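Sequence lines set the chain letters: A, B, ... in the order given, protein chains first and strands last, and positions in each chain run from 1. Everything numeric here is computed off the predicted structure, so don't read it as measured data.
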Amino acid sequence: MRKIVGTITQLKARAKSIVKGLRKAYPGATTALRFSTSFELLIATILSAQCTDERVNKVTRRLFKKYRSPQDYLNVDPHELEQDIRQTGFYRNKTKSIHACCKGLVEEYKGEVPDDMDELVTLGGVGRKTANLVLGCAFNKPAITVDTHVKRVVGRVELSNETNPDKIEFDLQRLLDKKDWTQFSNALILHGRYVCQARCPLCNECVIRAYCPFPNKP
DNA sequence: CTCCCGATAT
DNA sequence: ATATCAGGAG
């Protein structure tokens, strides 16, 4: 990771340009996870760890018909739930996370998903990444979701050189207007998936290449 | 830091 | 064969 150069003012100006470029390229960007309630998005996001959205959607299509409330997940034998989500990988841990999360929802929040960061992260299996996605995409609150894509792209365009996702989130909060938070991270995730890919970034198709020092340019 | 873990692209 | 995919817990 290269050292970030420039004053905070210069950095903010560059961030603004990048936000503008991405907003134009990905208007109305939102999560690709299929959901109809905040609770469904919460479960889908827990399942999405180290797994593509497409495969999560394939699993939740069946899952959400079978399990409709936190209590439904608590009533079933964990081995059965493991098999129901097996295709998303890490199925033993994810089953434990879902169970802990639903237990927390039932016992502490009357079965309702809280729309508050501090409350969300008290739930088992829910960290800031999961909480931010739910806050931004289900509750329409300002939230910067720092996933593997955001982490990679932000490093390449040198808006943050932190490796810890929480620190990246706080760096971006400092650089961006609050109104841009949700749209920016959603757009950045799409950009990371389709253009600024991990293995072979398509720099010649990149709308923010003018602001990016990343070397692999044609 | 390690571990969890299946599916897909390269 | 290996890297990678919307991470979190211990």
Side-chain angles (χ1 to χ4, degrees), chain A residues 22 26 28-35 38-64 73 78-79 81-105 113 117-156 160 162-170 172 181-202 216:
Chain A
L22 289 178
Y26 308 95
T30 184
T31 177
L33 293 172
R34 193 194 66 80
F35 69 99
S38 57
F39 177 59
E40 285 189 354
L41 181 58
L42 181 58
I43 297 297
T45 308
I46 289 173
L47 292 178
S48 72
Q50 296 295 319
C51 177
T52 61
D53 294 355
E54 195 179 349
R55 195 144 24 89
V56 172
N57 288 336
K58 196 174 160 189
V59 168
T60 56
R61 188 180 199 91
R62 291 180 286 100
L63 196 72
F64 292 163
Y73 289 96
H79 295 97
L81 181 54
E82 283 183 359
Q83 293 311 308
D84 288 334
I85 66 171
R86 187 171 47 81
Q87 295 178 320
T88 65
F90 294 171
Y91 59 89
R92 292 189 186 90
N93 281 353
K94 287 176 183 177
T95 292
K96 286 177 186 169
S97 292
I98 289 172
H99 198 276
C101 177
C102 289
K103 188 171 159 65
L105 286 175
V113 179
M117 170 61 75
D118 294 334
E119 294 182 336
L120 281 168
V121 295
T122 66
L123 299 167
V126 179
R128 293 192 67 88
K129 181 259 162 182
T130 300
N132 272 317
L133 191 70
V134 171
L135 287 172
C137 295
F139 293 116
N140 295 309
K141 290 196 164 193
I144 301 177
T145 304
V146 180
D147 67 347
T148 180
H149 293 306
V150 173
K151 182 176 172 181
R152 180 180 64 253
V153 179
V154 160
R156 283 178 178 168
S160 171
E162 296 289 349
T163 55
N164 179 301
D166 293 354
K167 290 184 178 176
I168 292 174
E169 184 190 339
F170 300 140
L172 292 176
W181 288 5
T182 304
Q183 155 77 36
F184 177 72
S185 66
N186 285 332
L188 208 54
I189 288 163
L190 290 180
H191 191 64
R193 184 202 283 187
Y194 296 116
V195 181
C196 195
Q197 300 163 352
R199 299 188 196 202
C200 185
L202 309 175
N216 184 21

- Hey, is the main chain of A:Leu47 close enough, under 3.5 Å, to the side chain of A:Lys94 for a donor-acceptor pair? yes
- Base, sugar-phosphate, or nothing: which does A:Leu33 touch, judged by heavy atoms less than 4.0 Å apart? base
- Task: Determine the Euclidean distance between corresponding P atoms of B:dA7 and C:dG8; express it in Å to zero decimal places.
- Result: 22 Å
- Among B:dG6, C:dG7, C:dC5, the one nearest A:Arg86 by side-chain distance: B:dG6
- Task: Mind calculating the distance between CD (A:Gln197) and P (C:dC5) to the nearest angstrom?
- Result: 10 Å
- Item | Any donor-acceptor pair under 3.5 Å from A:Asn132 side chain to A:Ile144 backbone | yes
- Item | Flag, side chain of A:Glu162 to backbone of A:Glu169, donor-acceptor distance under 3.5 Å | no
- Interatomic distance where NZ belongs to A:Lys129 and P belongs to C:dG7 [whole Å]: 5 Å
- If only side-chain N and O atoms of A:Arg152 are considered, is one of them under 4.0 Å from the OP1 or OP2 phosphate oxygen of C:dC5? yes
- Message: Between A:Arg193 and C:dC5, is there a contact of a side-chain N or O with OP1 or OP2 at under 4.0 Å?
- Response: no
- Query: Is a side-chain donor or acceptor of A:Thr182 paired with a backbone partner of A:Lys141 at a separation under 3.5 angstrom?
  - Reply: yes
- Message: What is the separation between atom CG on A:Leu42 and atom P on C:dG7, rounded to the nearest whole Å?
- Response: 15 Å
- Message: Need one value for A:Val56: base, sugar-phosphate or nothing, where a base atom within 4.0 Å counts as base even if backbone is also close, heavy atoms only.
- Response: nothing
- Rounded to whole Å, NZ of A:Lys94 lies from P of B:dA7 at a distance of 12 Å
- Task: For A:Ala32, report the nucleic acid contact type (base, sugar-phosphate, nothing); a contact means any heavy atom under 4.0 Å.
- Result: base
- Query: Counting just side-chain N and O atoms, does A:Thr130 come under 4.0 Å of either OP1 or OP2 of C:dG8?
  - Reply: yes
- Has A:Phe90 got its ring stacked on the base of B:dC5, with centres under 5.5 Å and planes less than 30° apart? no
- Task: Apply side-chain contact (heavy atoms from CB on, under 4.5 Å) to A:Thr145 and A:Val150, showing your working.
- Result: CA-CA 8 Å; A:Thr145 304; A:Val150 173; 5.8 Å; no
- Query: Rounding to a whole Å, what distance do you find between A:Leu47:CG and B:dG6:P?
  - Reply: 15 Å
- How do A:Gly125 and A:Leu190 order along DNA chain C: which one's closest nucleotide is nearer the 5' end? A:Leu190
- Query: Think A:Thr148 has a side-chain N or O under 4.0 angstrom from the OP1 or OP2 of C:dC5?
  - Reply: yes
- Task: Calculate the interatomic distance between A:Glu169 atom CD and C:dG7 atom P; express it in whole Å.
- Result: 15 Å
- Provide, to the nearest angstrom, the distance between the CZ atom belonging to A:Arg199 and the C1' atom belonging to C:dA1. 11 Å
- Message: Nearest to the A:Arg55 side chain among C:dG7, C:dT4, B:dA7, which nucleotide is it?
- Response: B:dA7
- Query: Just by modelled atom types, is the A:Cys196 backbone N or O under 3.5 Å from a matching donor or acceptor in the A:Arg152 side chain?
  - Reply: yes
- Query: Within the structure shown, what part of the strands sits under 4.0 Å from A:Arg92 by heavy-atom distance: base, sugar-phosphate, or nothing?
  - Reply: sugar-phosphate
- Message: Using the P atom as the point on both nucleotides, what is the distance between B:dC4 and C:dA1, in whole Å?
- Response: 22 Å
- Task: Measure from CG on A:Asp166 to P on C:dG7 and round the result to the nearest Å.
- Result: 14 Å
